[in-house]
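Okay, structure first, notes after.
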Amino acid sequence: MQIYLPIAELPVNMFTVFGMGGAVGFLSGLFGIGGGFLLTPLLIFSGIPPAVSVATVTTQIVASSASGVLSYWRRKAIDFKLAGMLLASGVVGSALGVWIFDILRSLGQLDLVISLSYVTFLGTIGVLMLIESARAMSRRRAGGAHHTRMPGKHNWIHGLPLKMRFRQSRLYVSVIPIIFLGSSIGFLGAVLGIGGGFMMVPALIYILRVPTNIVIGTSLLQILVTMAAATFLHAVSTQSVDIVLAMILMVGGVIGAQFGARTGQKLRGDQLRLLLALLVLAVGVRFAVGLIVQPEELYSVSVVSGRLP
Amino acid sequence: MRRLAGGLVIAAALLACASAAKAESLIAALSSDKVKIESNFTGTEIVVFGEIARDAATVARAEPYDLAIIVTGPPQRTTVRRKGRFLGLWVNRDAEDYRQVPGFYAAHLTRPSVDMATRPVLEKLQIGLHNVNLPIVGKSNVPFSDRDDFRDAFLRLRIQNALYAERIHSIEFLSQNLFRTTIPLPSNVPVGEYKVTTYLLRGGALLAAQEQNLTIAKTGFEQLTFSLAHRYAPIYGAAAVMLALLTGWLAGVVFRKD
């Protein structure tokens, strides 16, 4: 069934979009990620203008993270103080991101920056996760106990000034890396239309050494607020949030996420991380190919304004 | 002033009638002067029909009548970009800005435009895809030798998106004087004010022209959403966030296991 999108100004097949939302929702439930890094490229490849795709996916992420936040809240697995620090800096980062997004779009280099960022971040994180999960699997096979959290072992991050105590996470760390992390993920989220969970979760675990059971809830809350801010800012500055598209994606996404979460409980942590690493890498490679291989059509047309100057 | 000009035109026309007995006139109409875009819009078509009226004084001539029906959409400022290799990557390099190019263009012709009239006449009337006026904004950094490549690419991409079209032999004659043509409007047709112009030519000269207005507009929910998003952007943004939170919360409640 075709439905006309009022902001994107073109019709899409409702079931295709619903299916995309559902499939990405399934993966997001399975891996505990927002799935924006999959959904945005999917929408762009299916012909929806990049600006509308990016802005609308931020709305979809609000919905998908909201149900997650609720369930982690009930289990008291959120460090509100840490999340507060992350998201205060995240909002600043996403405001900056929306501003840069507008500039890049008018320069015609938005696609390039999106592609390059996808290649860089997905490539790096995919490789890191692949190594980590392969190590964890081989360790498990060797029979040794594995430690992801090393409370006694400090790195240079823990030597920075302006320390603050986070009771729930049992942490005493500098606010500098937290602000840096929050703002850079907020920035990337607004420019790339991703929640950044797949970057935030490993960063919190490996850099700040936040306990794993607190990480996902806290990261989801941070994503929820940053993406809500990004939706609002996109709506105000680029007017490219398509509420009809968002609604179809949201409904598909939340349903898919439930099935994903159930499947996820049947798989082991290292297996899940290996699968996610491969998925992240695959998307990164797809973007790299687009940059390196000579495109069939060298020209592109973009409408600057539909109205008379 | 306008009345004076109108009077002059009429006087000139009468004079022309009297002197050359060139008496063809044209009547044309649209099946609908308003296209509404609703949630189930997947494109539509409009029918242009009309009659070539000849009076008794019309001299039968060897050359056939030529008809050109031109539909032009709202003007847009458009940028065409060309990718080039930069440090091993394919990135957008050169760009050409076009000012006020039609957002939609369809030409329905009785025969190829080159056979109808000379290039200046066709360009003036914008008959045929290759005679569409594509003015460049200010100065451009595109080398002169590449201008045509950008122009061709623009037309090619617009044709691919079904926004530009030229259809030869697409005007059907129901009788010697009655004609009809069906112009498809694709699903991605831009909204705005359109002009449908019917030209009657013979032997390279314009005999008559008729212009109709066509409005393509969103209606109902689509119009409401669009105007809300543009006119009350903060409210729209807040509503989108609330809707997302509500959906997430509902899902959390519906699928709650404990």
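When reading the values below, keep in mind they use all heavy atoms of this one structure, side chains included, and skip hydrogens, waters and symmetry mates. Fair warning: this is a prediction, and the values are worked out from it, not measured in the lab. Lettering follows sequence order; numbering is per chain, from 1.
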Next on the checklist: Would you say CG of B:D152 has more than 12 non-hydrogen atoms from neighbouring residues, nucleotides or ligands within 6.0 angstrom?
Outcome noted: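 Count over threshold, so yes.
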Next on the checklist: Could you check whether atom CZ of A:F80 has more than 12 heavy atoms from other residues, nucleotides or ligands sitting under 6.0 Å from it?
Outcome noted: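 More than 12 within 6.0 Å, yes.
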Checklist entry - Does A:Y4 reach the side chain of B:T42, with side-chain heavy atoms less than 4.5 Å apart? => result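 No - every pair of side-chain heavy atoms lies 4.5 Å or more apart.
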Checklist entry - Just wondering, do B:L245 and A:L224 contact through their side chains at under 4.5 Å, heavy atoms? => result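 When only atoms from C-beta onward are counted, B:L245 and A:L224 do touch, with a gap below 4.5 Å.
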Nearest-0.5 Å distance that lies between atom [atom1] in [X] and atom [atom2] in [Y]:
{"X": "A:Y299", "Y": "B:L155", "atom1": "OH", "atom2": "CG", "result": "12.0 Å"}
{"X": "B:S39", "Y": "A:Q2", "atom1": "OG", "atom2": "CD", "result": "11.5 Å"}
{"X": "A:Q60", "Y": "B:T247", "atom1": "CD", "atom2": "OG1", "result": "10.0 Å"}
{"X": "A:S300", "Y": "B:N92", "atom1": "OG", "atom2": "CG", "result": "5.0 Å"}
{"X": "A:L116", "Y": "B:L89", "atom1": "CG", "atom2": "CG", "result": "6.0 Å"}
{"X": "A:I243", "Y": "B:F226", "atom1": "CD1", "atom2": "CZ", "result": "14.0 Å"}

Which heavy atom of [X] sits nearest a heavy atom of [Y], and at what distance?
{"X": "A:V254", "Y": "B:A251", "value": "CB-CB, 3.5 Å"}
{"X": "A:V62", "Y": "B:V241", "value": "CG1-O, 4.2 Å"}
{"X": "B:G237", "Y": "A:A235", "value": "CA-CB, 3.4 Å"}
{"X": "A:Q239", "Y": "B:A233", "value": "NE2-CB, 4.1 Å"}

Item to check | Contact leader toward chain B among A:G68, A:A63, A:A66, where contacts are heavy-atom pairs under 4.5 Å | outcome: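 Most heavy-atom pairs under 4.5 Å with chain B: A:A63.
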Next on the checklist: Among A:H234, A:E9, A:M227, A:M247, which residue has the highest count of heavy-atom pairs closer than 4.5 Å to chain B?
Outcome noted: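 Looking at each of A:H234, A:E9, A:M227, A:M247 in turn, A:E9 comes out on top.
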Next on the checklist: Out of B:E38, B:E222, B:R156, B:R82, return the one with the most heavy atom pairs under 4.5 angstrom to chain A.
Outcome noted: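 Top option by heavy-atom pairs under 4.5 Å: B:R82.
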Item to check | Closest-packed option against chain A by number of heavy-atom pairs under 4.5 Å, given B:I37, B:N188, B:V253, B:L246 | outcome: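 It is B:I37.
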Non-hydrogen atoms of chain B under 4.5 Å away: do they reach the side chain of [X], the backbone, both or neither?
{"X": "A:T59", "result": "both"}
{"X": "A:V244", "result": "side chain"}
{"X": "A:I292", "result": "both"}
{"X": "A:A246", "result": "neither"}

Please state whether the side chain, the backbone, both or neither of [X] comes within less than 4.5 Å of a heavy atom of chain A.
{"X": "B:P234", "value": "both"}
{"X": "B:A240", "value": "both"}
{"X": "B:E193", "value": "neither"}
{"X": "B:Y98", "value": "neither"}
{"X": "B:V191", "value": "side chain"}
{"X": "B:E96", "value": "neither"}
{"X": "B:R85", "value": "side chain"}
{"X": "B:N161", "value": "neither"}
{"X": "B:L224", "value": "neither"}

Item to check | Intermediate values then yes/no, side-chain contact (heavy atoms from CB on, under 4.5 Å), A:Q294 and B:K83 | outcome: CA-CA 9 Å; A:Q294 177 168 1; B:K83 281 200 166 86; over 6 Å; no
Checklist entry - Does the side-chain contact (heavy atoms from CB on, under 4.5 Å) test come out yes or no for B:L157 and A:E297, once each step is laid out? => result CA-CA 9 Å; B:L157 289 166; A:E297 177 62 81; 3.7 Å; yes
Is a side-chain N or O of [X] found less than 3.5 angstrom from the main chain of [Y], in a donor-acceptor match?
{"X": "B:K218", "Y": "A:P6", "answer": "yes"}
{"X": "B:Y236", "Y": "A:V241", "answer": "yes"}
{"X": "B:W90", "Y": "A:L291", "answer": "no"}

Checklist entry - How far apart are the C-alpha atoms of B:T79 and A:V301, what are their side-chain angles, what is the distance that settles it, and do they pass the side-chain contact (heavy atoms from CB on, under 4.5 Å) test? => result CA-CA 6 Å; B:T79 308; A:V301 172; over 6 Å; no
